[in-house]
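Step one of this worksheet: look at the structure below.
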Amino acid sequence: EKTKENFFSKLGKAVAGKSTVDIDVLDELEEVLVSSDVGIETTVKIIDRVEARVAKDKYLGTSELNVILREEIAGLLSENNTEDIEDFELPKDKKPYVILVVGVNGVGKTTTIGKLSHQFKQKGYKVILGAADTFRAAAVDQIKLWGERVGVPVVEHGMNTDPASVAFDAVKKGVDEQADLVIIDTAGRLHTKVNLMNELSKIKKVIQKFIPDAPHEVMLVLDGSTGQNAFIQAQEFTKATDVTSLAITKLDGTAKGGVVIGISDQFKIPVKYIGVGEKMEELQVFNKMAFVESFFTRN
Amino acid sequence: MFDSLSVKLDRAIKTLKGQGKISEINVASTIKEIRRALVEADVNYKVAKEVTDGIKEKALGRDVLIAVSPGQLLTKIVHEELTSLMGGSQADINITGDPAVILISGLQGSGKTTFTGKLANRLKKQGRQVLLVACDIYRPAAIDQLKVLGEQVGVEVYAEPENKNALQIAQNGIAQAKKTGKKIVIVDTAGRLAVDDQMMAEIEGLKKSLKPTETLFVVDSMTGQDAVNTAKTFNERLNFDGVVLTKLDGDTRGGAALSIRAVVDKPIKFISTGEKMDAIDLFHPDRMAQRILGMGDVVSLVEKA
Ligand SMILES: Nc1nc2c(ncn2[C@@H]2O[C@H](COP(=O)(O)OP(=O)(O)OP(=O)(O)O)[C@@H](O)[C@H]2O)c(=O)[nH]1
Ligand SMILES: Nc1nc2c(ncn2[C@@H]2O[C@H](COP(=O)(O)OP(=O)(O)OP(=O)(O)O)[C@@H](O)[C@H]2O)c(=O)[nH]1
Ligand SMILES: [Mg+2]
Ligand SMILES: [Mg+2]
């Protein structure tokens, strides 16, 4: 709340009756954006856009500038296919719909999968999970516990087995049992590790042997507190697996996840979900305006 | 995406060329470049400002050597400044006590449990008797994870899967260590957010009751601007003794290291560089400074000159 008052009261003083934006306002805006991990390049771009709009629209009151700011930032998200989705829904013509979940270590992949299965199960969908992280200590136990908690079956071959064959079996079970959704967990991996990135491509290929247009979604999970490295993560995981959606986790903390704005600016990947806690209910569909608003209102 | 600092400064050098001394006028745009480079490396925005103000002070009036370009000289000054900011006294961990208790803290997924295994492995190799205590009673399979790691490194793990009181488990673990002659106890805890008051109170309680000889704050080196908030709050509640920087085997610049050092002034004691149990190392401030700045051999070039 404090930041909000500060920022918007300064904004008020600085724009009253002017047709250009005061340098103080822009500095302030720069600080808000950069401290949210938006990154310099994208911040400069946003500021340029705001300046251009202000020059065009001439007279501006504080409230108009407020609106412009939010619109321009949210605009960067829209240009890149981030449509606000209303609810947890699956396309009707893909059955089972297959989601492959990828990301670096510890970002919240397995937890997000647990939460997603809870949401879709609540909606009446039949969900199956694939425990294809066979590497990290107790990873299979972790997803099995999630399966129990949520009440969905987990396909597993135990630790240190071939992840691709787990994925294959999970998808097969999905087809055999006419499930609506199959979600495949994978081990966390840094994008700099070539072998591990190749393994993801292999998992994809194996799934495609069974359902040619699957996985229908490759979801990259990003930790909301990650800084500029998230750009490179988006870039490298896209290269290896054609990422089609993003989930941003841990937004219940003080980190703001601003890298997403920059990522949206450079990659055409929509943000679909945000994680706001460790409990199974604590996953939300992404809403652009609410996300942008949080830059100015939280801490 | 990230131009290295030297490349950026090369651009700025043009405006500096032909000047014998670094002056207010010729340094301004270069300082701005340095600040941007730091922010792009995830150094906190405010910290980057403070650091570059300090650098400017140090740079002004310095004679530019004939053999070195002003840009290179500046890069050297920046490198020195960052190194000294992150360095200071290289502190080891305190393992005196009977038993010595090491408390591990940090955000979710930062690498605490993995580091706990690695530290046990390292201490064991130094010939010490170690007991691991599993106090993460929340995360699914957290206890199993620690047990697997303990097994890998051949160190016993104390756990009470049915007990929902972390403090009790820790105290029982320490009692067990005394009974079995283990000289070091490492307590793995659940990940928690700085804003989660209840969870912060839990770890504060652990700290107060166990009186650990060493409390470590484990942080993901990919963390962005928020690193300062988290480090500040954890330090206020725990007054931790040192920092562990994880996942440095990736390509992150790791500016969080500088941010944290600037806001809490606690030494970085270890770095984690992989998922394997031997991927642990001591912290080297000069290497970290080079990493943040994205410099290859600029420094050594300048040293030679
Ligand atoms: N506060 C908070 N914690 C989260 C959220 N999502 C995940 N976590 C926590 O983050 C930690 C790591 O989550 P995991 O789901 O195990 O992450 P992962 O990406 O599967 O990790 P690896 O498989 O080891 O790479 C756990 O302690 C989770 O409880 C979130 O939205 N908010
Ligand atoms: N590449 C790499 N991965 C690491 C490193 N340290 C930990 N990890 C991985 O990061 C993920 C999270 O590590 P954990 O040790 O479970 O983290 P944690 O802090 O105990 O997590 P919570 O207990 O859920 O809060 C796992 O996939 C680890 O294998 C490291 O230095 N490098
Ligand atoms: Mg996982
Ligand atoms: Mg843990």
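Letters go in sequence order (proteins before strands), and every chain restarts at 1.
Heavy atoms only, all atoms of each residue included: Pro140(B) and Gln142(A) are closest at O-CG, 3.4 Å. Closest approach of Ala137(A) to Val148(B), counting heavy atoms only: CB-CG1, 3.7 Å. The two residues Asp42(B) and Asn229(A) come nearest to each other via the heavy atoms OD2-N, 4.1 Å. Nearest heavy atom pair, residue Val34(A) against residue Tyr45(B), reads CG1-CD1, 3.3 Å.
Contact of Val104(A) with chain B is made through the side chain alone, with heavy-atom distances under 4.5 Å. Only the side chain of Val44(A) comes within contact range of chain B, with heavy atoms under 4.5 Å apart. Interface residue Gln233(A): only side-chain heavy atoms are found under 4.5 Å from chain B. With a 4.5 Å cut-off on non-hydrogen atoms, Lys193(A) touches chain B through its side chain but not through its backbone. Residue contact with chain A, scored on non-hydrogen atoms closer than 4.5 Å, involves the side chain of Glu275(B) exclusively.
Between chain A and the residues Leu149(B), Val228(B), Thr113(B), Leu193(B), the most heavy-atom pairs under 4.5 angstrom are made by Leu193(B). Among Met159(A), Glu31(A), Glu30(A), the residue with the largest count of heavy-atom pairs under 4.5 Å with chain B is Glu31(A). Of the listed residues (Asp223(A), Leu145(A), Thr111(A)), the one with the most heavy-atom contacts under 4.5 Å to chain B is Leu145(A).
Counting heavy-atom neighbours within 6.0 Å of Arg149(A) CZ, excluding the residue itself, gives a total above 12. Within a 6.0 Å radius of CD in Gln152(B), other residues, nucleotides and ligands contribute more than 12 heavy atoms.
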Step by step, work out the side chain to side chain contact (heavy atoms under 4.5 Å, CB included) result for Leu190(A) and Met222(B). CA-CA 11 Å; Leu190(A) 294 177; Met222(B) 294 180 275; 4.0 Å; yes

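The shortest distance between side-chain heavy atoms of Gln108(B) and Glu278(A) falls below 4.5 Å. Asp141(A) is not listed as a side-chain neighbour of Lys147(B), based on a closest heavy-atom distance of 4.5 Å or more.
Under the side-chain contact (heavy atoms from CB on, under 4.5 Å) test applied with Thr192(A), the options Thr252(B), Asp251(B), Asp249(B) reduce to a single match, Asp251(B).
Of the inter-residue distances, the one linking Asn105(A) atom CG with Asp220(B) atom CG reads 8.5 Å to the nearest 0.5 angstrom. The distance from the CG atom of Asp37(A) to the CG atom of Asp226(B) is 7.5 Å, given to the nearest 0.5 Å.
Under the 3.5 Å distance criterion, the side-chain polar atoms of Glu40(B) are matched with a main-chain donor or acceptor of Ile40(A).
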